[in-house]
Amino acid sequence: MSVPSNIERLLEDQKVPYSLTETVSQPNNSDIVELKPYNVARAIALQNTNGDKLIAITRNDTLLDIQQINESFQSEHEALTGEELKKFMDKSGVSALPALPGLNNLPTIVDEALLKYKTVYLDVGVASQFIQLEQKNFRQLLGDAKVAAIAAPLSKLEAPTDPEGDRANIESSVNLFTELRIKQRLEETLEFPPLPATAEKIIKLRVNPHADISDLTDIVELDASLSAQVVSWAASPYYSAPGSIKSIHDAIVRVLGFDMVLNLSLGLALGNTLKMPKNGPHGCMPYFQQSVYVAAATESLVTCIPREHRPSFGTAYLAGLLNNFGYLITAEVFNNQFQSICQHIDANPQASVQSVERHIIGVDRNQLASWLMGFWHMPDTICNALRHQSDPEYDGEDWPYALLLFLSNKLLQERGLVMGTASGNIPDDVFERLHLDPEAAREAIDKLMDASEELEVIAKQMAG
């Protein structure tokens, strides 16, 4: 094993004794260790409004708090992302950012929690390689680096397990972080628009056992925008419909089907209820694009499940369409904190977006989405699926739909399509509980990727 020459030179110049190790577990190899996240250090490159660079080093199991860094340096900072980060690493001669104080003589700030461990492991940015330092040698390496409390433990930011407490949780966050007038009822405080008339009619239609195609056609035809969307979807290459689509009835009967039009229409109506954020975290997929991808992935996975265990196609598809609805709510209600949330997501790729949201505003998008869906009298199945979609161990009501959303997002994250923490394996029992063969599931998603251009067209149509 070896480290990049510039890193090796820095260590030698500082006369710091060190050794190299890996995280891969192999028997009878004394060089191989299992590292714990609490004594593994990671680095993030930041810059202030003047473009001055800074390296922040924290434990791997914590969330970097940019506000604390801003206070330490008396200036505003944000994480380097995308092309800016690539240019910085190219200039530094590394393929990934090493957790090394003083790299390129840049100012460095180190989380004080790293000073309490006998041994510290620094990520050097080379596949699974770490610099192992005794604490006294780590302190020697710090030099002029600032030491401060700049991170929050991720373990304290885990999602609340009891949905019954969501309302109080949301009320507390709204009253603390927004400028809205405090009222007795949360529904009044948030001042959300009422459920769109079209969506309300579709929800009633979903629970009507006697509803038929003519009922759905009547609703869609009354909404000119929705009518155009349905015809466009049916004519999309993704559905490969023979001949031209001449009417809403034709689109429903011959191409899309009753459930598909019902759920696409509902997803579109709800998605257009709130304003789309103009900015988001780096790599954030536009709302409707993610909706279409996750919905299509969820539907593809359901197809792979044996019939005797298969959840409802329509419900799974609708849950997929609404999987990121909480993102819109967060941007709408916590507008003043939204930029800070985005900045912290960029600075903490090892953390879930929900952990970042709970750190900044005390509540996460899944809680918000589930609550609002309940307020709008959406089916309990959808509320539960959205509330628990990030928990692979959830086994409460409607767990198959929550697990399908979890798996769809993870498989799309593996392919770099949906933003999120794709690192680590998907637990085997996720596939087992859903009666899914892992290889078949991944093949289904690969086939879906072959139709990405067609899905993009549908997403653009939904975005208007």
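The shortest side-chain heavy-atom distance between Gln135 and Val120 falls under the 4.5 Å cut-off. In this structure, Asp391 and Phe406 have side chains that are not in contact, with every pair of non-hydrogen atoms separated by 4.5 Å or more. Side-chain contact between Ile131 and Thr21: absent, with no pair of heavy atoms (C-beta onward) separated by less than 4.5 Å. Counting heavy atoms from C-beta outward, Asn409 and Gln290 have side chains that approach closer than 4.5 Å. Looking at Leu54 and Leu106, their side chains never come closer than 4.5 Å, going by heavy atoms from C-beta outward. In this structure, the side chains of Ile66 and Ile150 stay at 4.5 Å or more apart for every pair of heavy atoms. With a 4.5 Å cut-off on side-chain heavy atoms, Ser291 and Leu322 do not count as touching. Contact check for Asp395 versus Arg433: side-chain heavy atoms found under the 4.5 Å cut-off.
If you take CD1 on Ile445 and CD on Glu414, they are separated by 9.5 Å, rounding to the nearest 0.5 Å. In this structure, CG on Asn366 lies 12.5 Å from SG on Cys383, to the nearest 0.5 angstrom. Rounding to the nearest 0.5 Å places CG of Leu403 at 12.5 Å from NZ of Lys410. The NE2 atom of His77 sits 12.5 Å away from the CD1 atom of Ile44 when rounded to the nearest 0.5 Å.
Between Arg365 and Glu357 there is a salt bridge, with a side-chain nitrogen of the basic residue lying less than 4.0 Å from a carboxylate oxygen of the acidic one.
Side-chain atoms of Glu456 and Gln289 include a donor-acceptor pair closer than 3.5 Å. Residues Gln339 and Asn279 bring no donor and acceptor atom of their side chains to less than 3.5 Å of each other.
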Practice task
Would you sort out whether Val294 and Asn324 count as a side chain to side chain contact (heavy atoms under 4.5 Å, CB included), showing the intermediate values?
Solution key: CA-CA 9 Å; Val294 176; Asn324 202 27; over 6 Å; no

Practice task
Determine, step by step, whether Trp399 and Leu434 satisfy the side chain to side chain contact (heavy atoms under 4.5 Å, CB included) criterion, reporting the C-alpha distance in whole Å, the side-chain angles of both residues, the deciding distance to 0.1 Å, and the verdict.
Solution key: CA-CA 10 Å; Trp399 65 263; Leu434 288 170; 4.1 Å; yes

Practice task
Start with the C-alpha gap between Glu84 and Gln47, add the side-chain angles, then the distance that decides, and say whether side chain to side chain contact (heavy atoms under 4.5 Å, CB included) holds.
Solution key: CA-CA 10 Å; Glu84 290 178 333; Gln47 68 178 7; 3.6 Å; yes

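Side-chain atoms of Ser408 come within 3.5 Å of backbone N or O of Leu404 as a donor-acceptor pair. For the pair Arg42 (side chain) and Asn60 (backbone), a donor-acceptor distance under 3.5 Å is absent.
Nearest approach of Ala316 to Thr298, heavy atoms of both residues: O-CG2, 3.4 Å. In terms of heavy atoms, Tyr327 sits closest to Cys284 at OH-SG, 3.8 Å.
Between His359 and His344, the two ring planes are tilted [angle within 30° to 60°].
Screening Asp364, Asp166, Asp398 against Arg387 for a side-chain hydrogen bond (donor to acceptor under 3.5 Å, both in side chains) leaves a single residue, Asp166.
Proximity of the aromatic rings of Tyr401 and Tyr394 is defined here by a centroid distance below 6.0 angstrom, and this criterion is not met.
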